[in-house]
Amino acid sequence: MSEVEQEIRSAWTLAFASNPSDDKEKFYINVAFPYPSGAMHVGHGRTYIVPDVVARFWRMQGKQVLFPMAFHVTGAPVLGIAKRIAKMDEMTMKLYGGLYRVPQETLASFTDPIVIVNYFADEYERVMKQLGLSIDWRRRFTTIIPHYSKFIEWQYSHIYSQGKVQKGEYPVRYCPVCDQPVGDHDLLEGDSAEVMHFVFVKYPFGGYFIPAATLRPETIFGVTNLWANPEVIYLEAEVDGEKWIISREAADKLRMQKHTVAEIGTISGTEFVGKAAQHPITGVDVPILPASFVDADVGSGLVMSVPAHAPFDYIALRDLQQQGKYTDIVPIPLVIVPNFSTIPAQDIVEKNRIPHQDDPRMDELTQELYTAEFSKGKLNDNCGVHAGKSVRQAREDVTKEFVETRGSIIFHDMSEKRVVCRCGSRAYVRILDDQWFLNYADPEWKMQIHEQLQRVELFPPEVRVEFERTVDWLREWPCTRRVGLGTHVPWDPKWLFEPLSDSTVYMSYYTIAHKITTIAAEKLTPAVFDYIFLGIGDANALPVDATTLKELRSEFLYWYPYDFRFSAKDLLSNHLTFQLFHHKAIFPDGLQPKGMVVFGMALLNGMKMSSSKGNVFLLEDAVNEFGADTVRMFLVGSAEPWQDFDWRNELVLSVRKQIERVWQMVLDAADAIGAAPIDAWLISRLQHRIEAATKALRTFQIRQALQESYNGIVSDLAWYRRRLPEGLNGTAALHAVTSAWIRLMAPIIPYTAEKLWSETGHEGLVSFASWPAADPALVSEAVEVSEELLRRTLEDILSILKLVQFGAKKCTLFVAPEWKYKVFGITAAAEDKRSVVPMVMADAALRAKGKEATDAAVQMVRLIHSLPPEQVVLIAAGVDELSIFSAAKEFLEKESGLTVEIAAADAGAHPKGRMALPFKPAIVVE
RNA sequence: GCGAGGGUCGCCAAGCCAGGUUAACGGCGCAGGGCUUAGGACCCUGUCUCAAGGAGUUCAUGGGUUCGAAUCCCAUCUCUCGCACCA
C-alpha cells in the first residue's frame, strides 16, 4: 500500500494547485491553521481530513475548489520551549527528543524558536501530504514573514482608524525580575491561580485609614470588628496622598498597580489591637481585634470581620470570647440562605467541630459557604437600601458605591501565593497602563455581528446560540503583547499584535499568498492592500506595477468570500467570533464569511488527547502503521465532525479490512458479464445510495455519507449476490455499480479510489472525475418492494425453522386475499387510524365478512405502523405476491432448504391461511 | 458558579427538532453454522428475557402530557467544552 500511495502522491503533485477558472464556480474552504510547536497527532488528523473530504467532494461536483494551508507562528510558547531546551529541561527534552522524535542534532538547534516552528511546519506539510490532503501548497506561508506583517499592518490601519483599538489599563500576571507579563506557559508553579479583585473598604483610624480588604463588600452591614495580626509589623504609608495602614507586602503590590506609596513609619500589630476604627457608613466604633489567620500577604493585611457569615471571623471571635474577652460582640445576620440558620458561619463551624482558627479545613468550609451565599443568598433587613437584593446584585451595587463615592480602590491579588515564573522569581499582579484593546464591547459593532450572524450558515446548527452568546459576552480584548513572535503595532512599535488578534482575516491573504511574495515587502503599503482587497485607489499610482495589482485584485474577488471555515469548538468563543468582527469592520457586505463548521474534540482510548501528558498517538505513526486511507476512513467513520471522537488502535484494523473488501469486490467485478433479473434492483438501490450520500456530504455529515457509500452498497451487493441464479458470480450491471462506488468513496479513501479508477480502465484522476448522479429513471419502486417482500418472508421462514422442533421438509406460503388488500388500502389512507373499523364497515362487501373484516382492520393498523410510510403507499397500490413468490420459488427453496409451495389463502384449506396479511403471507412449515 | 452541548440494548453510534417507520439503522466485538487440508478472508444466522413468525420489559433517574413517548413538558443526577490576553 505504501508504494501505491507514493505513486499516487506523485500523480497529485500540483494537481490541487487551484487558480481562478473562467467557467467553473468557486468553492473556497479553509481551516484554522496550526501552531507548529510539536508533532501532529491523530486528533489534528481529523481537523484536516474533514475539510479535505469536503474539498474533494465539491471538486468532483465540478467546483473550482480552493483549500489552502498556512502556519500560525505568532506568540510566545515557542520562546519558552526554546529557553527550556537551552536549559536542557528534562521534561521538554523528553517530549521533543522522545515523543516527537526530533533528531539530537536538530534538537540542539531548537534554542532558536524560529528553527522550531520551521521544523514542525515542514513536518506538518510532509504528514499532510502523506495523508493525501488536497491542499494548494503554493499558498503556504507563516505569520511572521514580512509580507504577512505588512498585511496585518494594513488590517489594523483600518481597525485603528475606526477607533476600535483603544488604550487602557489591564491587570496581568507579571514577573518583576524578567520585567515582563507571564502567561501560563511561562509559569513553573501556580498556573491555576486566578486574579482576584478585592475592594479596599477604608475605616478612619486616627489620622489614618485602615483599608480592610474584602471580596464581599456587601457584608459591610454585618461588620462587628476588624482583624489585625499581632505578629505583623504594619506600615504607615502615604498612598495616593492619603495616610493608610497596610502590610509591607500590600505596599509593594500597590506600587505595581499604579498607586504611589511612600512609607512614613511602622506600627506593630499589637499596638493598634484593642483600639477602634470608625465604620465608614454608620460612623460607630469598630474595635480592632487580634487574629492569627490574617495574612499580611493577602490583600491589605487587614480584614473586616463578619462573624455571622465568615467562618474565619466566627471562629476567631469564638476563640477570644472563650477567653472571656469581647463578650459584648454579637454576630449580625445579613444574608438569608436556604438550609442555614440566621448565622450560617456558626452552623458550618460547629457542625464540623472545628477546634480553632488554624484548622486546615477552614479554607474549604469558607469556600462552601461563600458559594452557597453567592448563588442562593438574599440580603435581609439589616442591609438598608440593599435589603431584598440577591448577594450577586448587592455585591455589584455596593462595590460601585464604594469605588465611586467612598474612595475605595479595587486591589488585584493572586488566589495563590506560589505563583512562580520560569526564572524562579515570584509573579505578581501588575497593571499595565498602556495596553491596547480591541473594543469588542462596542454595542454598534456587536449589533452588526448579530445581524451578520443571521446570514452565516452554521454546522451543526446548535452552535448558533453559542455564537450569539459569545458576541454579547465579549468585551475589550487586550490585543498586544510585549514578548513573542509577531508583527509590531505600527503606531506603537514596542508592542506586538497578540496571536488571536493577528489571525482574523488571513483567509483573504490566502487568495494572493502565492503571488504577493514576488513583490518586495517594503512596497506593500496599506494603500496597496486597499487596492487589492477593497478596490480603493488607482492601480497606476501605487508603488507596485498595475498589472500585478489587477491580477491580485481579480484573484481575490474570484475566491472571496470564503464558503466555509472549519475549526474545533474550543475556538468558537474567541477566534471564530473575532473573525466575524474583523471581517465586518474591514470588508464590504458581499465579502463576509458564508459558513462555518465546528468540530468536536479528540480522545485517545477514551482519554483526552494531550501532548503535554503524553497521551497522544502521532499521526505519522498511524499513517505508517495503517495507511493513509485507513486513517482517513476511520476518522471519518467514527463520528460526525461535530461529535467528539475516540481513537482506538484495535478498531482501526477493522477499517483496513473494509478497504480491502472494497478493493477485492471492485476487482472481482471487473470481468463480470451477462445479466440477471436482480440487476434492476441493484441499479435502483444504487440511485438511492448516491442520492443519500450526496445529500449527507452537502451538509457535512461525512459519517452518514460513508455509511451510505460503504455499508449501504456492501449490503446491497450481498443481497444481489444471494439473488443471482446458481452458478453466476456477477453480471455486467456490476460495472455501473463499481464505477459509481469508486467515485463515492474517492473523497474518503482517495488513494485506493485513485488506484482502482485506473485499474478499472478509467482515464485521468478520480479526484477530478465527475461525482455520480442519481438517475430517477433507473429507480424502480415495484422491484424494490418485491425484493423487500422476499427478504422479509425469507427472514420469517428462517426464524420459524430455527424455532421449530421437528425436521421440516416443506413450506407453504399463503398469500393474502384481495379483500385484505382493500382493508389495507382503507387503513393506509385513514388520517386517524382509530376510525378505521367504521370505515371498513362502510364497505358492503367487507361488512359481509363480519368479524373477520374487523379483526383484519385492527391487524392492519399494527402492520402499517410497522412499515416505512413510503412502502405503505406502494403496498396499498397493490402487490402481486403470488407471482413474486412464484418467480422466486427456486431462490426460497435454495435458501431455506425446503420444498416451497405458494397458494392463495382463500383457496387453502389450512387454517393458518387465515393469518395471511398483505405483505405478510401465512407460513406453514411441515 | 455562569454559558453551550451530551447521557440509547458489550463498545462506537443512528433516531429526538416535525410523537405511531422502533426491541430501536449501521459498524465493531462476540457466538453458532456454511465454505475449507488448516488459518485468514468471505457468506448466512444470532447477540435484553421468554417464544411458530409472537409476547414481556427497555433508550441516565423520577414524575407528567397523550389512544400511543427514546422522541414533548417538569425536576434530579452525571459527563464534555468554553469562561479571556492564551494557542
Side-chain angles (χ1 to χ4, degrees), chain A residues 32 34-35 37 72-78 170 172-173 181 183-185 370-372 374-375 392 432 435 437-438 440 460-470 472-481 484 498-501 503 568-575 600-601 603 606 608 637-640 642-646 648 650-651 653-655 657-658 660-661 664-665 703-704 706-708 710-712 714-715 718 721-722 792-793 795-805 808 832-834 861-862 864-872 895 912 915 920-925:
Chain A
Y35 182 76
S37 65
H72 193 208
V73 303
T74 313
V78 278
Y170 201 76
V172 294
R173 281 182 306 212
D184 279 350
H185 296 275
Y370 279 22
T371 303
F374 182 68
S375 55
R392 184 190 307 254
L432 293 185
Q435 169 69 291
F437 291 88
L438 272 162
Y440 294 129
E462 297 86 66
V463 297
R464 185 172 299 277
V465 203
E466 220 178 331
F467 271 109
E468 298 282 3
R469 292 258 177 200
T470 302
D472 286 334
W473 166 80
L474 283 175
R475 46 177 206 257
E476 298 82 0
W477 178 266
C479 61
T480 55
R481 290 210 66 177
E498 163 281 329
L500 282 174
S501 301
S503 57
K569 65 179 170 187
D570 51 353
L571 293 186
L572 194 155
S573 66
N574 46 51
H575 166 76
M601 309 298 284
L603 303 176
K608 197 188 292 180
S638 62
E640 293 292 3
W642 34 88
Q643 295 167 327
D644 295 350
F645 81 93
D646 192 4
R648 290 176 192 262
E650 69 271 20
L651 297 180
L653 276 175
S654 70
V655 170
K657 285 184 197 163
Q658 293 178 332
E660 282 163 6
R661 191 191 298 198
Q664 206 52 51
M665 287 175 105
R703 179 182 183 275
Q704 181 62 35
L706 175 61
Q707 275 203 13
E708 291 293 341
Y710 176 74
N711 301 330
V714 166
S715 80
R721 279 247 180 84
R722 227 170 146 181
R792 283 171 172 263
T793 308
E795 223 168 69
D796 283 350
I797 295 172
L798 293 176
S799 82
I800 293 168
L801 276 183
K802 195 124 191 151
L803 293 165
V804 110
Q805 298 299 317
D832 183 352
K833 305 289 189 237
R834 279 171 289 177
V861 174
R862 283 178 66 108
I864 284 170
H865 278 153
S866 78
L867 291 167
E870 59 278 7
Q871 237 171 52
V872 169
E895 293 283 334
K912 273 248 168 204
M915 288 180 64
K920 201 164 175 57
I923 299 165
V924 177
V925 170

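For clarity, every value in this text was computed on a predicted model and none was experimentally measured. Naming: A, B, ... by sequence-line order, numbering from 1 per chain.
- Stacking is found between A:Trp473 and the pyrimidine-like six-membered ring of the B:A84 base under the 5.5 Å centre-distance and 30° plane-angle cut-offs.
- Note on A:Gln658: only backbone sugar-phosphate atoms sit closer than 4.0 angstrom, heavy atoms only; bases stay farther off.
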Polar atom pairs between nucleotides 41-47 of chain B and protein, under 3.5 Å, N or O only, would you list them?
from, atom 1, to, atom 2, distance (Å)
B:A41, OP1, A:Lys657, NZ, 3.1
B:C42, OP1, A:Arg661, NE, 3.2
B:C42, OP1, A:Arg661, NH2, 3.0
B:C44, O3', A:Arg722, NH2, 3.4
B:U45, O2', A:Lys802, NZ, 3.3

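- Residue A:Leu474 is classed as a base contact, given a heavy-atom separation below 4.0 Å to a base.
- At least one side-chain nitrogen or oxygen of A:Lys920 sits closer than 4.0 Å to the OP1 or OP2 atom of B:G54.
- One P atom belongs to B:U71, the other to B:U21, and the distance between them is 14 Å to the nearest Å.
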Exercise for the section: Test side-chain contact (heavy atoms from CB on, under 4.5 Å) on A:Val78 and A:Val73 and set out the steps. Expected result: CA-CA 8 Å; A:Val78 278; A:Val73 303; over 6 Å; no
Exercise for the section: Before giving the answer on side-chain hydrogen bond (donor to acceptor under 3.5 Å, both in side chains), spell out for A:Glu498 and A:Trp477 the whole-Å C-alpha distance, their side-chain angles and the decisive distance to 0.1 Å. Expected result: CA-CA 10 Å; A:Glu498 163 281 329; A:Trp477 178 266; 3.0 Å; yes
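- With both ends at atom P, the span from B:G10 to B:A24 equals 16 Å, rounded to whole Å.
- Residues satisfying the side-chain hydrogen bond (donor to acceptor under 3.5 Å, both in side chains) criterion with A:Asp644, sequence neighbours excluded, are absent altogether.
- With both ends at atom P, the span from B:G62 to B:C17 equals 22 Å, rounded to whole Å.
- For A:Asp796, the salt bridge (charged side-chain N to carboxylate O under 4.0 Å, His left out) criterion is met by A:Lys920, not counting sequence neighbours.
- Distance check on atom C1': B:G20 versus B:G15 gives 14 Å, rounded to whole Å.
- In this structure, A:Leu438 and A:Ser501 have side chains that are in contact, with non-hydrogen atoms separated by less than 4.5 Å.
- Nearest-nucleotide mapping onto RNA chain B: of A:Ile923 and A:Tyr710, the residue sitting toward the 5' end is A:Tyr710.
- Distance CG (A:Asp472) to C1' (B:G82): 16 Å, rounded to an integer number of Å.
- Here, B:C28 and B:U47 have their C1' atoms 13 Å apart, quoted to the whole Å.
- Between the P atoms of B:G6 and B:G40, the separation comes to 42 Å (whole Å).
- Here the CD atom belonging to A:Gln643 is positioned 7.0 Å from the CZ atom belonging to A:Arg703, to the nearest 0.5 angstrom.
- When each of A:Ser573 and A:Leu500 is assigned the nucleotide of RNA chain B bearing its nearest heavy atom, the one mapping closer to the 5' terminus is A:Ser573.
- As the counterpart of B:A4, B:U80 is assigned, both hydrogen-bonding distances of the Watson-Crick or G-U wobble pattern falling under 3.5 Å.
- Using a 4.0 Å heavy-atom cutoff across all strands shown, A:Trp642 reaches no nucleic acid atom at all.
- One finds no side-chain N or O of A:Arg464 lying less than 4.0 angstrom from the OP1 or OP2 phosphate oxygen of B:A4.
- Contact between the side-chain N/O atoms of A:Arg469 and the OP1/OP2 oxygens of B:G3 is not found at any separation under 4.0 Å.
- On the C1' atoms, B:U61 is 7 Å away from B:C77, given to the nearest whole Å.
- Contact annotation for A:Thr470: no contact, since no heavy-atom pair falls under 4.0 Å across all strands.
- Take A:His72 and apply the ring pair (Phe, Tyr, Trp, His ring centres under 6.0 Å) test, not counting sequence neighbours, and it matches A:Phe33.
- When the nucleotides B:A87, B:C86, B:G3 are ranked by their closest atom to the side chain of A:Ala76, B:A87 comes out on top.
- The gap from the C1' atom of B:A51 to that of B:G7 amounts to 33 Å, rounded to the nearest Å.
- Residues that satisfy the side chain to side chain contact (heavy atoms under 4.5 Å, CB included) test with A:Arg661, not counting sequence neighbours, are A:Met665, A:Tyr710, A:Val714.
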Distances under 3.5 Å between nitrogen or oxygen atoms of protein and nucleotides 12-18 of chain B:
from, atom 1, to, atom 2, distance (Å)
B:A13, O2', A:Arg703, NH1, 3.1
B:A13, O2', A:Arg703, NH2, 2.8
B:A14, OP1, A:Gln643, OE1, 3.1
B:A14, OP1, A:Gln643, NE2, 2.2
B:A14, OP2, A:Gln643, NE2, 3.2

